[in-house]
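What follows is a single structure, written as structure tokens, with notes after it.
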Amino acid sequence: MNDLELYRIAEDARKNAYAPFSGFRVGAALLTEDGKVYTGVNVENSSYGATICAERTAFVKAISEGERSFTAIAISAGDVPSLPCGICRQFMYEFAPQIRIITGPIREDDPEGGLKVQSLEQLLPEGFSLNH
Ligand code: THU
């Protein structure tokens with residue numbers, strides 16, 4: 001599974017986003033070490049603070065199925081770039097401090113998609129953990 005394939009899965013998952021309040025729809029695709037993919041979307045709530053982001057939805061689905069090893073997560077917000085929020089960065093740090101984070105949008109003029117790839121270590125230097 002390459003980065004572009006994973007990103008396209010995130011883009012496709014995005015159709016199921018529940019974002020009636022912000023209108024900002026996000027899809028995520030989380031790749032496990034053994035090649036399985038778990039998708040996630042943002043799920044908003046009338047009580048705004050109860051909203052969960054697409055990245056955490058994907059992680060919660062995977063963790064609750066027993067997965068513990070992750071290599072990459074792709075995040076799509078359609079035509080605009082969207083990086084993980086601070087809560088999601090910390091959430092991911094618990095399970096995958098070295099995960100690769102792939103963000104769009106796809107640049108159609110670039111045969112490889114022009115996606116941005118960063119490590120969580122770049123986005124959350126010196127994250128908090130009780131285990132380290
Ligand atoms: N959102 C995500 O799904 N992921 C992020 O990393 C940033 C924000 C969602 C939450 C909310 O439903 C909407 O985007 C606007 O904040």
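Just so it is clear, the structure is predicted and the values come from calculations on it, not from any experiment. FYI, the numbering just counts along the sequence from 1. First listed ligand is number 1; within each ligand, the first listed atom is number 1.
Using cut-offs of 30° and 60° for the angle between ring planes, the Phe21 and Tyr18 rings count as perpendicular.
Applying the side-chain hydrogen bond (donor to acceptor under 3.5 Å, both in side chains) criterion to Thr103, with sequence neighbours excluded, gives no partner residue.
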Starting from the N and O atoms of ligand 1, collect every protein N/O partner closer than 3.5 Å and put each pair on its own line with the distance to 0.1 Å.
from, atom 1, to, atom 2, distance (Å)
ligand 1, 3 (O), Ala54, N, 3.0
ligand 1, 4 (N), Glu55, OE1, 2.8
ligand 1, 6 (O), Glu55, OE1, 3.3
ligand 1, 6 (O), Glu55, OE2, 2.7
ligand 1, 6 (O), Cys85, N, 3.0
ligand 1, 12 (O), Asn42, ND2, 2.9
ligand 1, 12 (O), Glu44, OE2, 2.5

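No donor-acceptor pair under 3.5 Å is formed between the side chain of Asn45 and the backbone N or O of Tyr48.
Residue-environment remark: CD (Glu126) stays at or below the threshold of 12 foreign heavy atoms within 6.0 Å.
Electrostatic pairing of Glu11 and Arg8 counts as a salt bridge here, judged by a charged N lying under 4.0 Å from a carboxylate O.
Remark: the Glu44 side chain and the Ser22 side chain contain an N/O donor-acceptor pair separated by less than 3.5 Å.
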